[in-house]
Number of protein chains: 2
Amino acid sequence: MPHSYRYPRAALTVDCVIFGYDTEDLKVLLIQRDSPPFEGRWALPGGFVDVGEPLEEAARRELKEETGVEKVYLEQLYTFGDDVKRDPRERVVSVAYYALAKLSDHRVQAATDARNAAWFQVADAPSLAFDHDQVLEMALTRLKGKVRYQPIGFELLPPKFTLTQLQRLYETLLEASLDKRNFRKKLLAMGLLEELDEIEQDVAHRAARLYRFDKRAYRDLQKRGLHFEL
Amino acid sequence: MPHSYRYPRAALTVDCVIFGYDTEDLKVLLIQRDSPPFEGRWALPGGFVDVGEPLEEAARRELKEETGVEKVYLEQLYTFGDDVKRDPRERVVSVAYYALAKLSDHRVQAATDARNAAWFQVADAPSLAFDHDQVLEMALTRLKGKVRYQPIGFELLPPKFTLTQLQRLYETLLEASLDKRNFRKKLLAMGLLEELDEIEQDVAHRAARLYRFDKRAYRDLQKRGLHFEL
DNA sequence: CCAAAAGTGTTTCCGATACACCCATGA
DNA sequence: TCATGGGTGTATCGGAAACACTTTTGG
C-alpha cells in the first residue's frame with residue numbers, strides 16, 4: 001500500500017455505453033461480471049482510471065480490453081457521483097461515455113474475451129449492476145436527442161449504406177415513421193451524402209444505390225455556421 | 001498521511017461557472033487565487049470533493065464558501081480529465097458545473113469573502129488559471145445552445161420581469177436581434193408567462209407590465225411531451 | 001410638449017407535410 | 001409473372017418573418 005494521501009480519495013472509473021445498430025434494432029454491448037460485487041450480473045464495460053491516463057484514453061482502453069471494440073465514435077456522457085454508495089465497496093465516481101459502433105465490424109468479438117460479452121436489444125436489456133440502468137437510460141436519451149441535430153447516426157451504419165437503411169435507423173432512433181420521399185428530399189438537399197456508383201448486392205429485389213457520408217461537406221457546413229437538422 | 005491505497009489516485013475537484021445577467025451583459029463570477037499555483041490569477045470557484053460528499057453538493061458548497069452564492073440553478077457541464085497536467089501539482093480530475101444566478105440577489109457578496117471575488121463581463125474576462133478558459137468557453141457554448149430549447153433564461157432574471165428585459169436577455173445570449181412583435185407573440189403563445197397586475201416602477205417613461213415564469217405550466221407542457229423552443 | 005419605451009395585427013414567404021404510382025430485379 | 005423494395009413530384013398548409021404606427025408616462 002504505497003500511496004498515501006492527507007485526505008481519503010474517491011476511486012475514479014470510466015463506464016461505456018456502446019450502441020450498435022442491426023438493420024432492425026438498437027443494441028447495447030454488455031459484459032457479464034466475473035467477480036463481486038454483482039457477480040454474474042450484466043454491466044457496462046468499464047474500469048479504473050490509471051493516475052497517469054487521460055479519461056477518454058481510459059474509456060477506449062477498457063472498451064478494447066473488455067469487448068474488443070476499438071476506433072469508435074466516443075463522447076463523454078455524464079459523471080455519476082451523487083450517490084456515494086453507488087458502489088457498495090467504497091466511494092467511486094464514474095465518468096460515463098457513450099460509443100457508437102458499426103455492428104458489422106464487431107459481431108465476432110462479443111464472445112472472444114475472458115469475460116462474457118453480448119449485444120442486447122436496448123429495449124429488453126436485463127437489469128444491470130451498480131447504477132448502470134440509469135447510465136444506460138441517460139445515454140439513450142442523449143443519443144435520441146443528439147441524433148436530431150448532429151449527424152452521428154452515420155456512425156452506426158456501415159461506411160456505404162442505402163437511403164432505406166438510413167431511414168430505418170432514424171425511424172428506430174426517433175421512434176417515429178418517416179415519409180420516404182420527404183426523408184430523401186431532405187437528406188439529399190443537405191448535400192452531405194456522396195452518391196456512389198455502386199449498388200447493394202445479394203438482395204432479392206431491385207438493388208438500391210449506395211451512399212457515403214461526406215465528412216468534408218459537413219465540416220464546410222459547420223464552418224458556414226449552419227446546422228444539420230433532423 | 002493516514003489514507004493509503006494500492007494504486008495512486010487522482011484528486012477530484014469541482015469547478016463552477018456562475019453566470020449572471022445585468023440588463024445589458026452576461027457576466028461571470030470569478031475569484032482571485034490567494035495561493036500557488038497561479039497565485040493572483042483569476043479562476044473559477046471550486047475545490048476538492050470530500051470523499052463522503054455527493055458531487056453536486058460539493059459544487060454548491062464551494063460556490064457558497066467562495067462567493068456567497070447559493071440556491072441557484074446548477075447543472076453538470078463536463079468532466080475535465082484528459083490533460084493529466086492540467087494542475088501542475090498532481091493529477092486532478094475536475095467535474096465542472098455551470099450555474100445561473102439572478103445578479104440582483106448576489107451583487108454585494110462579491111467582495112465579502114476572504115477571497116477576492118468579482119463579476120466580469122464574459123466578453124472581457126481575463127485569462128484564467130488552470131484550464132479554466134476552456135471550461136468557461138464550454139459553459140458559454142452550452143448556455144447559448146440550451147437556452148433555445150429549455151426555459152433556463154428565466155433563472156438569470158429577477159422573479160418579476162418585463163417582456164423587454166426578457167427579449168434583451170435572449171438577444172444577448174443568442175447574439176442576434178429579435179423582432180419585438182414576433183417575440184412577444186411567440187412567448188405569450190407558449191402560455192408559460194403569468195401576466196401580473198403590476199408594472200415596473202421608477203422609470204422615466206411608460207411603465208411596462210411585469211410577468212412571472214409559470215413553472216407549473218411548464219411542467220404540464222413537458223408532461224404533454226411538448227418542447228419549449230426559441 | 002418632448003423623449004423614451006410600451007404595446008399592438010396583418011401580409012408574405014418558405015419549409016414541412018401529405019400523398020400514389022411505376023420501375024427494376026431475383027426468385 | 002409475381003413479390004419486394006427502389007425511386008420519384010406536386011399541391012397544400014402552417015408557422016416564421018417582415019414590417020410601422022399609436023399610446024403612455026415622466027421630465
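Chain naming here is simple, since letters A, B, ... match the order of the sequence lines and numbering starts at 1 in each. Both backbone and side-chain heavy atoms feed into the values below; hydrogens, waters and symmetry mates do not. Source: prediction; values computed, not measured.
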Whole-Å distance between D:dT8 C1' and A:Phe183 CZ?
16 Å
Below 4.0 angstrom, N of the basic side chain to O of the carboxylate: do A:Glu198 and A:Lys160 qualify?
yes
A:Glu62 side chain near A:Pro45 side chain, heavy-atom distance below 4.5 Å:
no
Considering only heavy atoms, which members of residues 158-177 of chain B lie under 4.0 Å from some atom of DNA chain C?
B:Thr164
Close side-chain approach of B:Arg86 to B:Ser94, heavy-atom, < 4.5 Å:
yes
A:Leu30 to A:Trp42 - nearest heavy-atom pair and separation:
O-CZ3, 3.5 Å
So do the side chains of B:Leu26 and B:Leu140 get within less than 4.5 Å of each other, counting heavy atoms only?
yes
Quick one: B:Arg184 CZ to D:dA16 P, roughly how many Å, whole number?
18 Å
For the pair B:Arg61 and B:Glu57, find out whether any cationic side-chain nitrogen is under 4.0 Å from an anionic carboxylate oxygen.
no
Rounded distance (Å) that lies between atom C1' of C:dA16 and atom CE of A:Met190:
13 Å
If the sugar-phosphate is the primed atoms plus P, OP1 and OP2 and the base is the rest, what is the B/S/- string for nucleotides 17-27 of chain C, using protein heavy atoms under 4.0 Å?
BBBB--BBBSS
Separation of C:dA16 C1' from A:Leu187 CG (nearest whole Å):
14 Å
Any side-chain heavy-atom pair of A:Phe228 and A:Met190 under 4.5 Å
yes
Roughly how many Å is it from CD in A:Glu195 to C1' in D:dG7, rounded to a whole number?
11 Å
Using a strict threshold of under 4.0 Å (side-chain N to carboxylate O), is an ion pair present between B:Glu200 and B:Arg209?
no
If you look at every strand shown and take non-hydrogen atoms under 4.0 Å, does B:Arg209 touch a base, only sugar-phosphate, or nothing?
sugar-phosphate
